[in-house]
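Here is the structure we will look at.
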Amino acid sequence: MSDETPICSAKGCRAEAVWVLAWNNPKIHTPERRKTWLACEEHREHLSQFLGVRGFLKDVILLKEWEETR
């Protein structure tokens with residue numbers, strides 16, 4: 001991995017990110033605002049559940065697709 005390789009956002013994980021979890025906290029963000037966490041295959045479900053339980057998760061997108069739209 002290079003210094004430019006996106007890394008998973010899970011605590012302590014150094015794996016290459018494959019997924020983008022787009023989220024927003026409706027109490028502090030405008031509806032169109034999207035914050036992002038990156039996830040490897042192993043942590044995608046865990047991080048999605050963490051955000052989903054709080055009602056923050058808006059979308060889960062493959063990182064390569066996310067980059068194509070930016």
Side-chain angles (χ1 to χ4, degrees):
M1 282 187 271
S2 75
D3 290 340
E4 301 299 317
T5 302
I7 302 298
C8 180
S9 298
K11 186 176 181 177
C13 184
R14 301 299 302 154
E16 185 173 351
V18 179
W19 297 95
V20 173
L21 284 63
W23 62 278
N24 130 337
N25 180 340
K27 291 183 180 178
I28 60 174
H29 301 124
T30 59
E32 65 280 351
R33 172 95 188 265
R34 292 295 179 266
K35 303 210 28 116
T36 58
W37 281 356
L38 301 177
C40 64
E41 286 292 346
E42 182 180 349
H43 291 112
R44 181 188 62 83
E45 187 63 31
H46 171 74
L47 293 173
S48 294
Q49 287 179 356
F50 180 89
L51 292 168
V53 164
R54 290 156 180 78
F56 295 174
L57 187 63
K58 301 301 179 193
D59 213 350
V60 179
I61 306 163
L62 281 169
L63 178 58
K64 63 183 177 183
E65 292 177 14
W66 179 267
E67 290 173 336
E68 290 171 1
T69 65
R70 301 292 165 217

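Only this structure's heavy atoms are used, side chains among them; waters, hydrogens and symmetry mates stay out. Sequential numbering from 1 along the given sequence is applied to the chain's residues. Since this is a predicted model, take the numbers as computed values, not measurements.
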Nearest 0.5 Å please: distance from the [atom1] atom of [X] over to the [atom2] atom of [Y].
X     : Y     : atom1 : atom2 : answer
Lys64 : Thr69 : NZ    : OG1   : 13.5 Å
Leu21 : Cys8  : CG    : SG    : 9.0 Å
Lys11 : His46 : NZ    : NE2   : 10.5 Å
Asp59 : Glu65 : CG    : CD    : 10.0 Å

Compare every heavy atom of [Y] with every heavy atom of [X], then report the nearest pair and how far apart it is.
X     : Y     : result
Leu57 : Ser48 : CD2-O, 3.7 Å
Ala17 : Leu63 : O-CD2, 3.6 Å
Glu16 : Cys40 : O-CB, 3.5 Å
Asn24 : Thr30 : ND2-O, 2.9 Å

| message | In this structure, would Val60 and Trp66 fall into the same cluster of hydrophobic residues linked by side-chain contacts under 4.5 Å? | response | no
| said: Hydrophobic clustering (ILVMFWY, side-chain heavy atoms < 4.5 Å, transitive) - are Leu62 and Leu51 grouped together? | reply: yes
Is any side-chain heavy atom of [Y] closer than 4.5 Å to one of [X]?
X     : Y     : answer
Val20 : Leu38 : yes
His29 : Trp23 : yes
Ile61 : Trp19 : no

| Flag, side chain of Ser9 to backbone of Ala39, donor-acceptor distance under 3.5 Å | no
